[in-house]
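To find a chain, count down the sequence lines: A is the first, B the second, and so on, and within it residues start at 1.
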2 protein chains.
Amino acid sequence: MEKKITRKEAILLVATQLFSIQGYRTTSMGEIAKAAGVADGTIFYHFKTKEELFLAVLEHFKEEIISEFSIIEENDTYKSGLEKIEALLSFYIYLANRLEDRFLLLHRHFPYTLAEDNPACWNHLEEIYNTLIGVFEQAILQGQADGSIDELPARKMAMIIFTLVDGMVRLNTYNIYHTGPLYNELITSCHRMLKK
Amino acid sequence: MEKKITRKEAILLVATQLFSIQGYRTTSMGEIAKAAGVADGTIFYHFKTKEELFLAVLEHFKEEIISEFSIIEENDTYKSGLEKIEALLSFYIYLANRLEDRFLLLHRHFPYTLAEDNPACWNHLEEIYNTLIGVFEQAILQGQADGSIDELPARKMAMIIFTLVDGMVRLNTYNIYHTGPLYNELITSCHRMLKK
DNA sequence: AAAAACTAACTGAGTGGTCAGTCAGTTTTT
DNA sequence: AAAAACTGACTGACCACTCAGTTAGTTTTT
């Protein structure tokens, strides 16, 4: 028995793709309606405004991110903290590929502009970043406990590593450089940065 | 004797700021005209379309970047390649602060979307990135010659380092985290990455 | 069991507003 | 006087959002 997708879910799905790929301003509500196979008015029945629809998209992504990384966190069978960092880097790149459109959304400017005067938006973004940076921080702390990682400020180093891997994902989606061939250098660089 | 600014220059200046801060789609030609103290039609006298105005802004930024880094390249009195990397990291952050709006433009999505079907735009972006990455690459090669930097693939490591600084600048402008306190960790991380 | 009443989901034509680009005419420069 | 620079009212296209009404399904009444 297939669970049949509701119209509201269809709208949210299509909106995620179009907002991500084309951008918020560039995507019209009519376009979303058409792509979702729904009348223009139907969107406004489920989501009061365009902004509210966008926030629903962002909230859904937040929940997805948290869920993905909590699975990784539980399944914690790495030998050392340093090895866990390497595994997390791989997973981050894998996830950014699998959830390509949502990560693209995170690399657009609109969410951050909206966040300036929309506390709900700001909270979603903060939770997303806290999750993404948090996993690296935990691995660093673990590595410092087991002796595989040097005594460096854990949170700050986590931000450095996040910045690096996220920057690579971003550069890749912008199509200026293909960062795929940089994978080995990413791993060894982080290794050199952290090891005792 | 002040060199008096032409109307065309005034339009270009205002357009740079507004496109950077507000975004391309969100900024109307009327808004630019008003801010530049010029009639709506005047913009179209100097720039045929909005897209052409944007390209002029990007081209101007490209020339600015190239000029800034060629000065640094000439004034080359650092003891070792590794020390030059550190100096370049500082300069990058200093420049990203001084040319805040133009760097913001580089972190928006529109230029990359436009580049997909506009070769001129693509060339501007490529030259900008080649300049930014090139300076790090040269410093690495120099460091490998003088023995201060390990034998790693120079171009790839330059991209890694660029990604790291640029990602920090970007994270900072998005106001989620203030990356200023990460400056020391940035320097030491790059040092650990590269040193023999 | 049939009819009536009610309800949530949905529709699409219509509205007011915005915006890139035009153009006929005016002002400034050479 | 000719050319170049400039003006601002105007146009057609687009867009977020509204709303009066339709449809399908459920509950209540008879």
Re D:dT30: Watson-Crick or G-U wobble partner, both distances kept under 3.5 Å, found to be C:dA1

Short side-chain N/O contact to D:dA5 OP1/OP2 from B:Y45, under 4.0 Å: yes

Answer yes if A:L104 and A:L55 sit in the same cluster of Ile, Leu, Val, Met, Phe, Trp and Tyr residues linked by side chain heavy atoms under 4.5 Å apart, and no otherwise. no

At a 4.0 Å cut-off to heavy atoms of chain A, the contacted part of DNA chain C spans C:dA8 to C:dG12

Residue-level proximity of residues 112-122 of chain A to DNA chain D when a heavy atom falls under 4.0 Å: none

State plainly whether one hydrophobic cluster holds both B:V14 and B:F44, where clusters connect Ile, Leu, Val, Met, Phe, Trp and Tyr through side-chain heavy atoms under 4.5 angstrom apart. yes

For residues A:Y45 and A:V38: do they belong to one hydrophobic cluster (side chain heavy atoms under 4.5 Å, members Ile, Leu, Val, Met, Phe, Trp, Tyr)? no

Cut-off 3.5 Å, side chains only: do A:N172 and A:T179 have a donor facing an acceptor? yes

Any chance you could lay out the ring-ring contact (aromatic ring centres under 6.0 Å, His included) test for B:F19 and B:F110, step after step, and finish with the verdict? CA-CA 10 Å; B:F19 282 155; B:F110 180 74; 7.8 Å; no

Donor + acceptor pair across side chains of B:E52, B:T49 (<3.5 Å): no

Treat primed atoms plus P, OP1 and OP2 as sugar-phosphate and everything else as base, then score nucleotides 11-19 of chain D 5' to 3': B for base contact with protein heavy atoms under 4.0 Å, S for sugar-phosphate contact only, - for none. ----SSBB-

If we call it a pair only when both distances are under 3.5 Å in a Watson-Crick or G-U wobble match, what pairs with D:dT23? C:dA8

